[in-house]
Every structure is written in C-alpha cells, then in structure tokens.
Amino acid sequence: MNDNSHSPTKPNSHQPHYVGVVARFGSPADLMAAARQISAAGYRYWDCHTPFPIHGLDRAMKIRPTILPWLVAGAGAMGALGALVLQWWANGVAYPLNISGKPFFSLPANVPIIFELTVLFAALTAFFGAIVLNGLPRLLYPGSTAASFARVTTDAFLVSIEAKDPQFHPERTAEWLRNLGAESVELCPAPEGDTTIPVAIKRGLLVLAVLALLPPLFIALARQHTTETPQEKPRIHIIKDMDFQPKYQTQAVSPLFEDRRAMRPRVPGTVPFDPHWEPPPEGFLTGKIGSDYLTEFPIRVTEEVMRRGRERYDIYCATCHGWTGEAGPYDGMTSRRARARGEATWVPPASLTGQAVREQPVGKIFETITQGIVREGVYSMPPYAVQIPPEDRWAIVLYVRALQRARAPYPEDFQEAAATASTAGRGLIHDEPMNSNLAKDRRP
Amino acid sequence: MGLASMISRQPEVDNTISDPTSRPPLVIGQHDFATVTETVARIPERPRATLAWKVSFAVAASLAAMFIALTGYLFVTGIGIWGNNSPVFWGFPIVNFVFWVGIGHAGTLISAILFLFRQHWRTSINRFAEAMTVFAVVCAGIFPAIHVGRVWYVYWLAPYPNPMGMWPNFRSPLLWDVFAVSTYMTVSVLFWYLGMIPDLATLRDRATRPLPRLLYGLFSLGWSGSARHWHRFEKAYLFLAALATPLVLSVHSVVSFDFAVSLIPGWHTTIFPPYFVAGAIFSGFAMVVTLMVPAREFFGLKELVTLRHLDNMNKFILATSFMVGYAYLIEVFMAWYSGNKYEFFTFLNRALGPYAWAYWTMVICNVAIPQLFWFKKCRTTPWMMWIIAIFVNIGMWFERFVIIVTSLSRDFLPGSWALYKPTIIDFLMLIGSFGIFFTLFLLFCRYLPMVAMAEVKTVLPQAHVHHRHAAEEHAPSELEYAR
Amino acid sequence: MQATELMDTTSTVQSAMNPSTTGVSRAPQICIIGGAIAIVLGFVLSSSSPAGWLQDYLVHYTFLVSITLGALFFVFLQHLTRAGWSVTVRRTAELMAGTTPMLVAVAFLPIAVTLFIDGLNLYPWAASDFFLHHPQLRHKTIYLNILFFLLRAAFCLAAWWWLGRFYMTRSLAQDTDGDPRWTLVMEKWSPAAALLFTVTVTLAAFDWVMSLAPAWYSTIFPVYIFSGCVVGGLAGLILILLLAQALGLLSHRVVTVEHYHDLGKLLFGFVIFWGYIAFSQYMLIWYGNIPEESQFYLPRQQGIWLYVSLGLVFGHLLIPLVGMMPRAIKRNPWTLGFFAVWLLVFHWLDLYWLIKPNWHPTVGPLSLIGGILGGVGVFGIVIAIVLKGLTRYPPIPVRDPRLNEAIHHEVV
C-alpha cells in the first residue's frame with residue numbers, strides 16, 4: 001500500500017504529537033527489502049538504523065554519495081603542497097644551513113615529510129569530515145524514544161520515518177510499515193526532559209577555560225620587562241647542574257695550577273705531530289737570517305704561488321692598499337672611507353709600488369706583513385701573522401713584487417711583450433716549466 | 001572469585017581444518033548478534049574488576065610509576081645517568097624507541113592492510129591490535145623526547161616562527177621522525193577511535209549506571225546506527241585504512257632512515273627500509289599474540305578469537321621471520337661482495353666480536369625459533385605460540401640493540417672504539433616502559449570494548465543480506481560463511 | 001539459494017568453455033609474427049652494432065623474465081592466501097608462468113654465449129682481463145666467474161620452469177577430476193615456492209642486472225627488481241585478460257568488472273610499492289653521496305637519461321598513482337587497459353634505464369623508440385603463447401572448489 005498521493009495532515013490537537021515512527025525488522029534482508037520500498041515510495045525524511053553497516057543498503061536507500069572523498073583528496077593535496085612550501089621556505093630561504101653540502105632545497109630529503117603531512121591532513125579530514133558531516137555529536141534523534149532504539153546498537157534493524165516528511169501520517173504510515181514486514185512498529189512522542197547540557201558540565205568547562213588562560217597571562221606578565229627596564233630578580237634555574245656546570249671554562253681562574261689559569265699552555269718542546277714534517281728553510285718564518293733580510297724567496301716560485309698570492313692579497317691587503325698597491329686615490333676601500341670620514345688617527349697606507357718598498361728586500365716585506373708597523377706606540381698597520389700562514393705571506397710578497405714590476409717594468413718587458421705577445425708569467429717570475437731564459441730575467 | 005573465575009573454562013575448538021570446498025566459520029559457538037555483544041560488552045560492564053586484573057594492573061602501574069620517577073630523575077640530573085658514551089651515543093633509549101614503534105605497526109597492518117585485502121578474520125582482533133598500536137607508539141614517542149638532554153626545549157623540533165629566526169633542519173631524518181611518529185600517533189588514534197564509536201554506543205545503550213552512561217555517551221558522540229551515518233563512516237574508515245597502509249610503511253622506513261642515511265658500516269645499506277618494516281610487522285604480530293593468548297583466555301573470547309585467528313597470525317610471524325632472515329643474509333653477502341673492508345669487519349664483529357652473544361640471540365630468536373611455526377601443532381597450541389612470540393619479541397629487541405650498539409661501538413677508527421655499558425637506569429627504564437604499556441593496555445581491557453563488535457557482526461552468517469533466518473536454512477552455502 | 005547459484009555457476013562455466021571463437025585461432029599467429037617483426041625492427045632502429053643489439057636483447061630478456069615472474073608470483077600468492085576471488089583469472093596467470101619458461105630458458109642462451117666472447121661481453125667481469133685491470137674487485141672472482149654464473153642461471157631457470165609447470169599441471173589436473181586435494185597440494189607447497197622464488201629472483205637480480213656494474217652494489221636491488229616484476233606481471237595479466245575477452249576466449253561472466261577492479265587495486269598497490277623501493281634506494285644513495293654508490297645514479301642524471309629518470313618518476317609512479325586512484329578508472333576496461341599498457345611500457349623503460357646506461361652515457365631518441373618497439377614485440381610473443389594456451393586448455397579452472405566465489409565475486 002503506497003501513500004504516494006497522500007497530502008500532509010495537520011496533527012489533530014486532540015492527538016498526541018508524534019515526531020516519527022520506528023519500525024523494527026527481523027533481519028538485514030527484510031530491512032533491505034523494506035528500504036527499497038520506502039525509497040521507491042518517495043519518502044525523504046527517513047533513515048535506517050543498524051548495529052553494523054549493511055552492504056548495499058545505501059544504494060537501496062538511494063543515499064547520495066558523500067563528498068567526503070573530495071574533501072580528503074583536497075586536504076591531502078594541501079598537505080603535500082604545504083609541506084613542500086614549508087621545507088622550501090624554511091631551509092631554502094629563511095634559515096639556510098649547510099648540512100654536508102646538500103642543496104638548501106633538497107627535494108629527495110623533503111619527500112618523507114611531504115608524504116607524512118599529506119597523510120596527516122587527509123586523515124584528519126576523513127575523520128572530522130565524517131563526524132561533522134554526520135552532524136555528530138548529536139544527542140537525540142526523532143525516534144530515540146522508541147523502545148526498540150535501545151537495541152539498535154546490539155541487534156535491532158530499524159527504520160525511522162520522521163513526522164516532518166510530507167507523506168507521514170501516524171496511523172497510515174505505521175500500518176504500511178507493518179505490511180512491509182516489520183516485526184514491531186512504534187509511534188514516537190516528542191522526547192521529554194531537558195536536552196540542554198547539565199549545569200555541572202557548563203561550570204566545569206568555564207573553570208577549565210579560565211584556568212587555561214592563566215599560563216598565557218603569566219607569560220605576558222613576565223614579558224613586561226625590556227632592556228630599559230630589566231628584571232631585577234635573577235632567572236630561575238630549574239636544572240641547576242646544567243646551568244652551573246662544575247667545569248672550568250676558557251679564560252677562567254683555576255685554583256689548581258700555580259699560574260691560576262684554567263687554560264694550560266703548551267708544554268715547552270712539543271711539536272706538531274707530522275711524520276713528514278721537515279724544518280722550514282732558514283728565514284722562512286721570519287723573513288731574515290739572523291739580522292739580514294732575505295733577498296731571495298725561500299719557497300719554490302711557480303705560477304700557482306703567484307695566483308695564490310693574488311688571491312690572498314685581494315683578501316687581506318687590498319682593503320687598505322687597494323687592488324694595485326698604490327697610494328692615493330686608488331687606495332683600498334678602508335682607506336678611502338677613513339679619509340672620507342676625516343679620521344684623525346688614520347695613517348694612510350704606504351705605496352707598495354713606490355720606490356721605498358720596491359727597494360726593500362723580500363724578507364723585509366715579509367716581516368712587515370708578519371709584524372705590522374708600529375708608530376708612536378700604536379699599530380698603523382696591524383700584524384697579519386695570525387691570519388696569514390707563512391706560505392701565504394711569501395705568496396703575497398711575490399704578488400707585491402709583480403705589482404711593483406707592473407708599475408715600473410723593465411725595458412726588456414716591453415721587448416718581450418712586443419716580440420712574443422705571450423701571456424703573463426713569462427719573464428716575470430721564476431717559472432721553470434714555462435721559461436727557458438730564466439737567468440736573463442732574474443730580478444735585481 | 002578464585003582461580004576459576006580468573007581462567008575461563010571455555011573449550012578450545014579447532015577451526016583450522018583446511019577444506020577448499022568451504023570457508024570455515026570465523027565465529028564459533030552459534031553466536032548471534034546479541035550474544036556477540038554480550039560476550040564483549042560484559043567485560044567492561046563488570047562492576048568490579050577481577051582479581052587477576054587488579055594484580056596485573058598493580059604491577060604494571062608500579063612499573064609505570066617507576067618509569068615516571070626515573071624520567072624525573074633524568075630531567076634533573078641529565079643523560080649521564082644512562083650508559084650512553086662516545087662512540088655509542090645512541091643506546092637503550094633509541095633501541096627502545098625503535099622496538100616500541102615497530103611493535104605498533106602490526107596493529108595498523110591488521111586494521112588497515114588486512115581490511116584492504118578483505119581478510120574478514122581481522123575483525124576479532126583489530127580493536128585489540130589497534131589499541132596495542134596506540135599504546136606502543138605512546139611508549140615509543142617518550143624515548144626520543146626525553147633523550148634530547150634539554151627536554152624543556154624539545155618544542156624546538158617543531159617548525160614555528162620564533163624570535164631567533166631559526167627553523168629546524170628538514171634534511172635530517174630525525175626531524176622526519178618527528179613528523180612521521182606524530183602523524184602515525186594521530187592517525188592510529190583516529191582510526192582506533194573512529195572504529196570504536198559504534199561500540200561505545202553499544203556500551204552506552206547497555207549501561208545501567210549513570211557515570212558509564214555519561215562517559216560512553218560522550219565519547220560515542222550520539223551514534224545511532226543511522227544508515228546515512230554508516231555511509232560516511234565506512235568511507236572514512238576506508239580512507240583511514242588506505243592512508244594508514246602507506247603510512248605504516250613510511251613510518252618505520254623513516255625510522256630506518258635514521259640509520260641508513262649515515263655512512264656508518266652496518267647502517268648505510270639500502271635494504272633498511274623494507275627490512276625494518278618487515279621486522280616491525282614481525283615483532284608487532286608477536287606482541288599481539290603475546291597479549292591475545294592470555295586475554296582470550298582470561299576474558300572468555302575464545303569463540304571470537306579462534307584458533308584460526310591465531311593460526312593466521314602465526315603464519316604472518318613465520319613469513320616475516322623469513323623476510324628478516326633474508327635481510328640478514330643479504331647484508332652479510334653484500335658485506336663480502338662490496339669489498340668494503342669496514343662493512344666486512346662490521347659483520348664479522350657482530351658475529352664474533354664482544355657483542356656476539358647479542359647477535360646470536362637475535363639470530364636464534366628471530367630466525368631459528370619461529371621455524372617451529374612450520375608445524376601446525378605449534379601454530380595452533382596457545383601456550384606454544386605464546387612462548388615463541390615472547391622469544392620473537394626478545395629477538396627483535398636484540399636486533400635493534402645489535403644494529404645500533406655494534407655499529408656504533410666499532411666503526412671506522414679503532415682509536416674511537418669503546419664498549420657500551422648500560423646502567424641500571426637503562427634497564428629499569430626499559431622495564432618501566434613495559435609498565436606504561438601494560439598500564440594503558442589493562443585500562444583499555446577494563447573499560448573499552450576489546451573486540452570490534454560491529455565488525456564481528458558483519459562476518460556472522462546472519463549478517464549477509466541474502467541469508468534468510470537461520471531457522472529456515474539448513475545448510476548455508478559457502479558464500480555465506482565469512483572468509 | 002544454493003541450487004540456483006550452482007546452476008548459475010555451471011551455466012557460466014559452460015559458456016566460458018564454449019566461447020565464440022571466430023578468428024581466435026589466428027590471434028596467436030598474428031601476435032607471434034607481429035611480435036617478431038617488432039623486435040627485429042626495434043633492433044634495427046635502436047642500434048647498428050652487435051654490441052648494441054646484445055644490450056637491447058638483455059633488456060628485452062629481463063622484460064620477458066619479469067612478466068613471467070610477476071605472473072608466477074600472482075599464482076602462488078593466491079594459493080598462499082587461499083584466495084577465492086581470483087580463481088577465474090588464475091588460469092591465465094598460470095599460463096603466463098607455466099608456458100613461457102621454455103622460451104625463457106632458450107632465450108638465455110645468447111646471453112650465456114656472449115660470456116665466452118671477449119669482444120661481445122655484456123658483463124664486464126666476464127672479460128678475461130677484467131680482474132687484472134680492477135685489482136680491488138678481485139675478491140669477487142669466486143662469485144663473478146663464468147662457471148658459477150652459468151650454474152646459478154641454470155638453477156634459476158630450472159626453478160622457474162619447475163614452479164611454473166608445478167602450478168599449471170596440477171591446476172589442469174584438477175580440471176579433469178575436480179579433486180579438492182589438488183588445491184591443498186598447491187597451497188601446501190606455496191610457502192616453499194615463495195622461498196624458492198625469493199632466492200632465484202635475488203640471484204637473477206644480482207647476476208643479470210647488478211653485475212653489469214661490478215663495482216656497484218645495493219642490498220635493496222633484488223626487492224627493486226621484484227617490485228618491477230610484479231607491476232609488469234599484473235599489467236600483463238590485465239592486458240591479456242582484456243584481450244582474451246575481446247577475442248571471445250574468456251566469457252565476461254567469469255571475469256567481471258569486479259575482478260578487474262581487484263586486479264587494478266593490486267596493480268595500484270604495487271606501483272606504490274615500486275615507488276617506495278625506488279625512492280628508498282635513491283634517497284639513501286643520494287644522502288650518503290659516496291662515489292662508490294652514487295656512481296650508479298650519476299650517469300642516469302645526464303643526457304637523455306635525466307629525462308628517462310624524470311619520466312620514470314612521473315610515468316611509473318606519480319601519474320599512475322593519481323590516475324588509478326579513482327574507483328571508476330579501475331572498473332572501466334578501457335581506462336584500466338590504458339594504464340596496464342602504460343605501466344608495461346614504463347616497466348620496460350625501468351629495465352632499460354637499469355641496463356643500458358652501463359655502456360651509453362646518452363642514447364638517441366631513436367634508440368629509445370626502437371627499444372620500446374622491441375619490448376612491445378616481446379610482450380606480443382608472450383600474448384601469443386598465452387592465447388594459444390587459453391585455446392588449448394580450459395580458460396578457467398573449471399573444477400576449482402572455490403570457483404563459485406570467483407564467479408559471484410563482488411567488490412563491496
């Protein structure tokens with residue numbers, strides 16, 4: 001019996017107000033058959049309730065497929081994109097760290113987190129999407145008052161039709177359901193009783209909310225101090241033995257040693273352990289033998305040394321002496337800046353290509369780099385012994401010689417250049433593999 | 001009270017007969033929906049816990065308390081209370097971490113992967129296994145958090161904008177671990193909880209006392225078994241299963257990356273990811289068996305978790321034992337084939353060096369003893385499989401110990417070699433972690449539905465839509481039995 | 001209920017046994033001839049030297065082996081898991097694994113022969129002066145020597161022949177007497193079959209592919225090869241089933257959209273598995289950055305190989321991952337067939353990418369096309385052999401005890 005053409009009836013004021021009808025069926029098969037009928041009859045506000053999902057029931061009920069899959073896919077894509085952007089930005093742009101030379105934006109290394117965040121976002125969406133789309137949490141249903149509803153999570157297979165469905169009529173719908181094979185049919189009155197949240201829970205939530213505000217409040221209070229208004233109380237040290245460790249730090253006083261230094265100096269006579277170590281040539285470390293400055297280089301002079309000298313000169317010396325070593329407007333940037341600022345204590349650097357330095361022996365230039373220049377008790381040129389190892393210092397001296405020769409070339413240099421148009425290095429330095437007329441080109 | 005109530009007297013029915021013409025029942029004992037509900041729901045509904053539960057809980061809780069106390073001691077005093085030294089910077093804590101994370105994987109495999117493969121026998125054990133996963137991951141996550149030294153700065157691992165302008169190093173597998181384990185924890189909890197909602201509703205509807213009714217009602221979110229809700233529920237469950245499957249592969253692979261991305265001999269080898277995953281499933285199934293054999297006995301679940309379920313799990317244990325053994329062999333072969341003398345030495349050292357006792361324990365427990373599962377008798381006798389499973393757990397703990405400690409204690413430079421000496425705190429914290437695990441697990445057994453009632457009902461013959469009432473049918477066809 | 005289902009099954013089976021077979025008997029011949037032409041054409045296009053042909057031949061050979069191994073894996077996996085849904089597709093897989101091993105064994109001979117000819121060596125270590133020039137690899141001589149190599153190869157080929165025949169003959173025997181004990185036998189021996197399979201695939205992976213670069217090694221390599229085999233085997237199985245149905249050899253009532261859906265799901269899962277293994281290997285070697293290991297990937301990041309590598313990432317993993325995810329794709333024979341072809345091509349490309357760069361820092365596009373053509377030809381020959389089998393034997397295990405389950409299978 002179908003109630004297709006039935007028009008909605010207003011509930012009679014003498015009748016009790018029903019919110020729906022609940023019918024119980026004996027087995028999943030019976031439920032399924034009834035569901036097909038109800039769906040075919042055109043009911044809209046109805047549902048089945050089962051203790052477990054019954055396959056095919058959603059098709060029988062013509063339930064529209066949920067949009068959840070699209071939400072999950074979209075969330076997963078967002079997770080992937082977000083992870084990619086996060087890693088690219090954090091390690092590639094904002095805070096690049098050199099981790100064993102790996103590229104700052106390393107896609108292979110980023111894949112695991114991209115995958116994890118994809119899964120995380122998708123899973124959270126699947127879970128909360130299903131809950132929210134289901135309208136859960138939810139307290140009551142039309143029909144929850146039916147007696148058989150208590151068994152729905154155990155073994156009851158129910159159909160519930162709501163009163164607000166246009167085809168609903170208490171007695172007729174109930175009769176029809178009985179004809180569909182329902183074991184029992186109940187009409188459900190409106191649920192009685194208070195459906196609001198208990199006062200105790202509301203109060204509890206309020207207390208929790210207030211308590212949750214306390215930590216940020218304390219933090220805000222503590223952060224009121226600035227550099228101008230520092231805290232007077234010392235910091236709280238919870239883990240004392242990490243903050244105050246019983247160890248001696250550099251530059252600290254130690255009562256254990258006679259010289260009261262925590263840093264111990266090297267034992268006299270220790271040498272660096274190197275099985276291939278040989279003592280350097282005489283004058284290598286100081287630039288002079290006894291009190292005579294070296295006039296020859298104590299190292300083997302090659303083009304590589306010259307290149308190294310240029311590189312080191314550009315790093316250490318050019319800042320004051322300029323790229324070409326000349327004084328005046330072609331000084332280094334530091335010198336020009338000092339002049340521009342009118343620094344009274346600035347001593348302009350000497351010209352490396354002028355006659356004075358040109359006539360200095362190589363050992364003297366080496367010594368200047370090593371010890372700096374003291375004028376009236378202060379360094380006008382600081383010593384570079386700490387920054388530049390001796391090998392490099394000799395390379396710089398070699399390059400200075402090249403700069404000097406560039407400024408004041410020998411006549412033969414023009415002849416050579418004109419004759420052979422050769423590259424730099426010929427005749428200027430002691431480069432055995434390249435030059436065959438070394439003796440002729442030896443410097444004065 | 002008394003012993004009789006502690007151990008159920010359910011008989012053991014053997015449903016492991018192989019008969020290709022029919023599918024054996026997965027629920028034995030003529031159950032219907034109501035009796036399945038009763039079998040499972042009566043456990044949390046007990047007004048007072050059994051003596052056995054109380055004693056176990058007391059032991060577990062005291063071990064957990066010890067763990068918490070020791071953790072406090074660790075925070076206050078520092079990592080020095082452990083045996084970590086140079087060069088064995090990673091000792092027990094990381095061994096424990098990998099051990100617990102590995103155990104968690106079987107739960108996800110049972111829940112998610114077996115779901116995707118339509119193995120209906122999973123329905124009796126999946127809730128149990130998922131709970132095991134959640135608690136194992138809790139235990140696992142504790143160790144890396146507390147082993148960092150300055151635990152109060154552990155939040156620096158998270159990428160958040162900070163006044164230092166610093167960001168964590170995403171190229172480090174240790175950070176991948178943070179994401180992987182957190183994601184795994186979240187997804188496992190979501191999956192476990194989602195599946196539990198209908199069962200919590202069952203407990204809510206059956207509850208007679210106000211507090212259980214309120215709490216079960218709260219956490220079941222008002223579930224009513226609506227078909228429209230089931231539709232979305234099933235979709236979400238499918239998605240979580242489909243997501244959890246690659247997730248479980250990725251999590252233990254990321255854990256293996258912690259080791260494999262380094263250059264340490266014995267660690268830097270490409271087979272680590274699948275080897276670790278296989279090992280994780282191996283140890284996880286062993287833990288499920290370890291827990292399930294007594295649980296089904298004490299809680300009277302033998303008709304839902306039948307010998308067939310245990311048989312299937314033991315077959316997984318045997319299969320993964322082979323995968324782990326295969327990895328051992330390949331590593332040894334490659335140590336020779338590669339010609340890398342450091343790699344060769346590492347494996348020689350593992351077998352014959354100062355930790356040879358650990359290595360051979362590992363091999364015997366992981367490869368030799370599970371071979372007993374070729375025998376059907378061993379696979380289907382609860383006490384036998386319980387012992388074998390315990391050995392597997394021991395073996396897998398030792399596998400992580402061997403990998404971490406032997407490779408670190410003797411790597412490239414002999415001048416840096418040193419032995420690792422775990423302290424008593426190391427041992428106590430390992431034991432304590434079991435305390436935490438069992439505390440949580442016993443609470444689960446006491447208050448939550450241990451078996452997925454709704455899912456088990458779907459494998460009953462009566463659930464099939466083409467099945468008429470049992471009274472009308474004489475012999476249901478093979479299709480109608482669960483697979 | 002039971003009676004009607006049985007009748008339904010019987011009629012379905014009967015119709016499966018007597019399909020409309022017009023023109024079917026010619027299909028195997030067409031495939032063989034077409035396949036052979038494709039292979040020859042492929043050789044001609046791709047290379048002009050015997051060495052080049054041999055290299056391509058090795059790629060085609062491993063492609064052939066991988067498809068048969070993938071099918072074999074499918075067969076014993078179904079028995080291991082006591083699956084019921086796959087009974088109707090299993091016969092095709094049994095034929096793929098059981099009728100091809102003779103071809104596989106014979107086709108190995110050219111590779112074996114080249115070991116003895118110094119100029120044509122595919123394997124560098126087989127050259128008589130190799131270890132003289134590479135003293136640091138000398139310890140490998142006891143493994144990488146011609147005799148032991150051939151012994152291992154013989155073992156693998158014999159094992160695969162035996163495994164393929166084991167399952168095929170017993171399944172065919174069950175067709176005649178319907179005894180469920182055949183199923184029990186096949187199930188009982190599946191674990192041992194899996195072990196033998198594992199050992200032989202490992203050996204083949206090390207010997208036939210990894211030793212092309214004798215200085216290189218990777219412990220995950222056999223797993224990588226295995227994952228490719230399963231992808232190739234499943235894709236091949238799907239294609240052959242679709243073809244067989246198109247030709248009327250297999251009824252649509254026994255292999256339904258539900259079976260294709262499940263096969264599609266398995267294929268999807270193993271594509272992800274392949275991606276996981278490939279990424280693990282790459283990432284760990286990239287991260288360690290040791291020349292000893294990275295020597296494998298460096299040539300594969302240059303020239304045309306860079307594009308092939310990227311092509312594999314997108315074509316073998318990302319595109320099928322996204323493309324095969326929707327349910328509808330797996331349930332439509334055209335879209336599923338498309339991805340099966342796609343994955344077969346990319347599986348071939350994977351093997352090409354593994355093997356060819358050992359000799360060629362770059363190859364021209366013509367070489368690539370020629371190679372793919374050859375690969376198609378090889379698969380054509382496989383199709384031919386299996387279709388012949390489907391006409392000769394019952395296309396489904398007609399008296400398998402779980403046939404009912406398969407016919408009424410529904411993916412819920």
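Residue numbering restarts at 1 for every chain, and letters A, B, ... go by the order of the sequence lines. Fair warning: this is a prediction, and the values are worked out from it, not measured in the lab.
- Counting only N and O atoms by type, the side chains of B:His229 and A:Asn134 include no donor and acceptor under 3.5 Å apart.
- With a 4.5 angstrom heavy-atom cutoff, A:Ala122 touches chain B via backbone and side-chain atoms both.
- Among the residues in residues 164-174 of chain B, those with a non-hydrogen atom closer than 4.5 angstrom to a non-hydrogen atom of chain A are B:Gly165, B:Met166, B:Trp167, B:Pro168, B:Asn169, B:Phe170, B:Arg171.
- When only modelled atom types and interatomic distance are considered, B:Gln462 and A:Ser27 share no side-chain donor-acceptor pair under 3.5 Å.
- Checked against A:Pro53 for a side chain to side chain contact (heavy atoms under 4.5 Å, CB included), the options B:His231, B:Glu455, B:Glu234 give a single hit: B:Glu234.
- Take A:Phe273 and apply the ring-ring contact (aromatic ring centres under 6.0 Å, His included) test, not counting sequence neighbours, and it matches no residue.
- In this structure, chain B has heavy atoms under 4.5 Å from both the backbone and the side chain of A:Leu97.
- Looking at B:Ile197, the atoms closer than 4.5 Å to chain A (heavy atoms on both sides) all sit in the side chain, from C-beta outward.
- For A:Asn91, the parts lying under 4.5 angstrom from a heavy atom of chain B are both the backbone and the side chain.
- Using a 4.5 Å cut-off between heavy atoms, A:Trp88 makes no contact with chain B at all.
- Only the side chain of A:Ile54 comes within less than 4.5 Å of a heavy atom of chain B; its backbone N, CA, C and O stay farther away.
- Proximity to chain B is limited to the side chain of A:Ile131, based on heavy atoms less than 4.5 angstrom apart.
- Looking at B:Thr186, the atoms closer than 4.5 Å to chain A (heavy atoms on both sides) all sit in the side chain, from C-beta outward.
- Taking the six-membered ring where tryptophan is involved, the planes of B:Phe33 and A:Phe157 are perpendicular, since the angle between them exceeds 60° and thus also 30°.
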